[in-house]
K.L.:
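One structure coming up, written as structure tokens, with questions to follow.
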Amino acid sequence: MNLCASLSSTGLPNLNRCFRFSKPLVSVPSSYCLLSLFCGKNSSAIAASITTDAMSTEPVKPKNKDPWLIVGLGNPGKKYAGTRHNVGFEMVDAIAEAEGIPMSSVSFKALFGKGVIGDAPVILAKPQTFMNLSGESVGAIVSYYRIPLKQVVVIFDDLDLPFGKLRLLPKGGHGGHNGMKSVISHFKGSSDFPRLRIGIGRPPGKMDPVAFVLRPFTKQEREELDFTFEKGVEAVRILLLEGFNKSATFVNTAKKIEQTG
């Protein structure tokens, strides 16, 4: 059987001329429409349009998006697990679990995971350099992936915030936090990047702040932190999908307690 390109006056294939079968077909008048869709004076134009559409099957490639980098600061090892200084690590773990992003690889001196939140590409990282050298890891990731600083979110503990309170800021200093000092240093002194601060409260009495940040949480504090992490996960989603201002409003605005009676 051979196929030819002969068309009838309607713009449709002339079956008697375009196909050669072992037995002749019944004569088909050129005025006969195989499909009612093609009937009418514009049948040739319609057929041509359909042919063009059928050939345009190449999928449209999505525009490239710069990834977001979400970094939690802390110290590696069992000795520091669950301590106040490591709430940045725990927040990143909460994000990874909620969004199904595995943190199973080690890259750039960090526990490392890649995935998406909504349609936003995301890199999650927990530097394993110890707190005071966090910038070595963070700076290398930002440089390699060419991530704009406005899309780098650093999560860390803050003594000056009440326990369990979150604060999202677009930029700022290090506030005496050694991990943030290191990050800013590796950003060539720039502090123009978002940060999510997690309040761990002030040390009781005259306790040394260094000793305080390395203390584990009480059972009651741990229960409160679960709600803090849930809010932090939602804040990150809003930030990536709806913008900084909406996320900051969600995080920083104190909710009013309704009084009844």
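When reading the values below, keep in mind they use all heavy atoms of this one structure, side chains included, and skip hydrogens, waters and symmetry mates.
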K.L.:
Output side-chain donor-acceptor pairs under 3.5 Å for residues 146-153, partner residues at least two apart or in another chain, one line each.
P.N.:
{"from": "Gln151", "atom 1": "NE2", "to": "Asp66", "atom 2": "O", "distance (Å)": "3.1"}
{"from": "Gln151", "atom 1": "NE2", "to": "Pro67", "atom 2": "O", "distance (Å)": "3.2"}

K.L.:
Report yes or no: does Ser247 contribute a side-chain atom to a donor-acceptor pair with the main-chain N or O of Ile238 at less than 3.5 Å?
P.N.:
no

K.L.:
Ignoring hydrogens and angles, write down the donor-acceptor pairs under 3.5 Å from the side chains of residues 96-109, residues two or more places apart or on other chains.
P.N.:
{"from": "Glu99", "atom 1": "OE2", "to": "Arg237", "atom 2": "NE", "distance (Å)": "2.4"}
{"from": "Glu99", "atom 1": "OE2", "to": "Arg237", "atom 2": "NH2", "distance (Å)": "3.1"}
{"from": "Ser105", "atom 1": "OG", "to": "Phe112", "atom 2": "O", "distance (Å)": "3.0"}
{"from": "Lys109", "atom 1": "NZ", "to": "Glu136", "atom 2": "OE1", "distance (Å)": "3.1"}

K.L.:
With a cut-off of 3.5 Å and sequence neighbours excluded, list every side-chain donor-acceptor pair involving residues 73-87.
P.N.:
{"from": "Asn75", "atom 1": "OD1", "to": "Met131", "atom 2": "N", "distance (Å)": "2.8"}
{"from": "Thr83", "atom 1": "OG1", "to": "Tyr80", "atom 2": "O", "distance (Å)": "2.7"}
{"from": "Arg84", "atom 1": "NH2", "to": "Glu221", "atom 2": "OE1", "distance (Å)": "2.8"}
{"from": "Arg84", "atom 1": "NH2", "to": "Glu221", "atom 2": "OE2", "distance (Å)": "3.2"}
{"from": "His85", "atom 1": "ND1", "to": "Asp157", "atom 2": "OD1", "distance (Å)": "3.2"}
{"from": "His85", "atom 1": "ND1", "to": "Asp157", "atom 2": "OD2", "distance (Å)": "2.9"}
{"from": "Asn86", "atom 1": "OD1", "to": "Asn75", "atom 2": "N", "distance (Å)": "2.9"}
{"from": "Asn86", "atom 1": "ND2", "to": "Asn75", "atom 2": "O", "distance (Å)": "2.8"}
{"from": "Asn86", "atom 1": "ND2", "to": "Tyr80", "atom 2": "O", "distance (Å)": "3.3"}

K.L.:
Let me see the working for Trp68 and Ile117 under side-chain contact (heavy atoms from CB on, under 4.5 Å), right down to the final yes or no.
P.N.:
CA-CA 10 Å; Trp68 284 80; Ile117 295 178; over 6 Å; no

K.L.:
So, do Asp208 and Pro203 sit near enough that their side-chain heavy atoms are less than 4.5 Å apart?
P.N.:
no

K.L.:
Rounded at 0.5 Å granularity, tell me how far CD in Gln220 sits from CD in Glu223.
P.N.:
7.0 Å

K.L.:
Given Ile200 and Val213, is the side-chain contact (heavy atoms from CB on, under 4.5 Å) satisfied, shown in steps?
P.N.:
CA-CA 8 Å; Ile200 60 172; Val213 299; 3.9 Å; yes

K.L.:
Between Met207 and Leu214, is there shared hydrophobic-cluster membership here, with clusters defined by ILVMFWY side-chain heavy atoms closer than 4.5 Å?
P.N.:
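Hydrophobic grouping puts Met207 with Leu214.
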
K.L.:
For Phe163, what residues pass the ring-ring contact (aromatic ring centres under 6.0 Å, His included) criterion, not counting sequence neighbours?
P.N.:
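With neighbours one apart ignored, the set is Phe217.
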
K.L.:
Show the nearest heavy-atom pair for residues Gly201 and Phe212, with the distance to one decimal.
P.N.:
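The answer is O-CE2, 3.3 Å.
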
K.L.:
For Arg215, what residues pass the side-chain hydrogen bond (donor to acceptor under 3.5 Å, both in side chains) criterion, not counting sequence neighbours?
P.N.:
none

K.L.:
Would you please name every residue forming a side-chain hydrogen bond (donor to acceptor under 3.5 Å, both in side chains) with Arg167, sequence neighbours left out?
P.N.:
none

K.L.:
Would you say Ile70 and Ile198 are hydrophobically clustered, going by side-chain heavy atoms of ILVMFWY under 4.5 Å?
P.N.:
yes

K.L.:
Could you list the cluster mates of Val210? Members are the ILVMFWY residues connected by side-chain heavy atoms closer than 4.5 Å, either directly or through other members.
P.N.:
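Other cluster members: none.
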
K.L.:
If two hydrophobic side chains count as joined below 4.5 Å and joins carry through other members, does Leu196 share a cluster with Leu69?
P.N.:
no

K.L.:
Check salt bridge (charged side-chain N to carboxylate O under 4.0 Å, His left out) between Glu242 and all other residues, then give those that pass, not counting sequence neighbours.
P.N.:
Lys246

K.L.:
Do you know which two heavy atoms are closest between Thr129 and Ser137, and how far apart they sit?
P.N.:
CG2-CB, 4.3 Å

K.L.:
Under 4.5 Å between any side-chain heavy atoms of Phe250 and Glu234, yes or no?
P.N.:
yes

K.L.:
Could you give the distance from CZ (Arg222) to OG1 (Thr218), rounded to the nearest 0.5 Å?
P.N.:
9.5 Å

K.L.:
Using only atom types and a distance under 3.5 Å, with no angle test, would you say the side chain of Thr228 pairs donor to acceptor with the backbone of Gly164?
P.N.:
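Indeed, once roles are kept as given, a pair shorter than 3.5 Å links the two residues.
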
K.L.:
In sequence, state the C-alpha distance, the side-chain angles, and the governing distance for Phe89 and Leu111, and then conclude on side-chain contact (heavy atoms from CB on, under 4.5 Å).
P.N.:
CA-CA 10 Å; Phe89 275 9; Leu111 289 177; over 6 Å; no

K.L.:
I'd like to know if Val92 and Val236 are part of one continuous hydrophobic network [Ile/Leu/Val/Met/Phe/Trp/Tyr, side-chain heavy atoms within less than 4.5 Å].
P.N.:
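Yes, one cluster joins them.
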
K.L.:
What residues form a ring-ring contact (aromatic ring centres under 6.0 Å, His included) with Phe156, not counting sequence neighbours?
P.N.:
His177

K.L.:
List the atom of Ser182, the atom of Gly135, and the distance in Å for their closest heavy-atom pair.
P.N.:
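Nearest heavy atoms, Ser182 then Gly135: OG-N, 2.8 Å.
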
K.L.:
Atom NE2 in His186, atom CD1 in Ile141: separation rounded to 0.5 Å?
P.N.:
12.0 Å

K.L.:
Heavy atoms only: give me the nearest Ile184-Gly172 pair and the separation to one decimal.
P.N.:
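Smallest interatomic distance, heavy atoms only, reads CD1-O, 4.2 Å.
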
K.L.:
Look only at the side chain of Ser143 and the backbone of Gly139, and say whether a donor-acceptor pair between them is shorter than 3.5 Å.
P.N.:
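Checking the backbone N and O of Gly139 against the side chain of Ser143, no donor-acceptor pair under 3.5 Å is found.
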
K.L.:
Would you say Ser185's side chain and Lys181's backbone share a donor-acceptor pair under 3.5 angstrom?
P.N.:
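Absent.
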
K.L.:
By side-chain hydrogen bond (donor to acceptor under 3.5 Å, both in side chains), which residues pair with Asp160, not counting sequence neighbours?
P.N.:
Arg202

K.L.:
List the atom pairs, donor and acceptor, that lie under 3.5 Å between side-chain atoms in residues 119-126 and the rest of the protein, sequence neighbours left out.
P.N.:
{"from": "Asp119", "atom 1": "OD2", "to": "Lys65", "atom 2": "NZ", "distance (Å)": "3.1"}
{"from": "Lys126", "atom 1": "NZ", "to": "Asp93", "atom 2": "OD1", "distance (Å)": "2.8"}
{"from": "Lys126", "atom 1": "NZ", "to": "Asp93", "atom 2": "OD2", "distance (Å)": "3.2"}

K.L.:
Which atoms form the tightest heavy-atom contact between Gly72 and Pro127, and what is the distance?
P.N.:
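Scanning both residues completely, I find the closest heavy atoms to be O-CD, 3.2 Å.
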
K.L.:
Could you check Leu168, Val71, Ile95, Leu166 and say which one makes a side-chain contact (heavy atoms from CB on, under 4.5 Å) with Ile155?
P.N.:
Ile95

K.L.:
Which residues satisfy the side-chain hydrogen bond (donor to acceptor under 3.5 Å, both in side chains) test with Arg195, sequence neighbours excluded?
P.N.:
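Expected list: none.
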
K.L.:
In this structure, would Val251 and Leu161 fall into the same cluster of hydrophobic residues linked by side-chain contacts under 4.5 Å?
P.N.:
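In one cluster with Val251: Leu161, no.
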
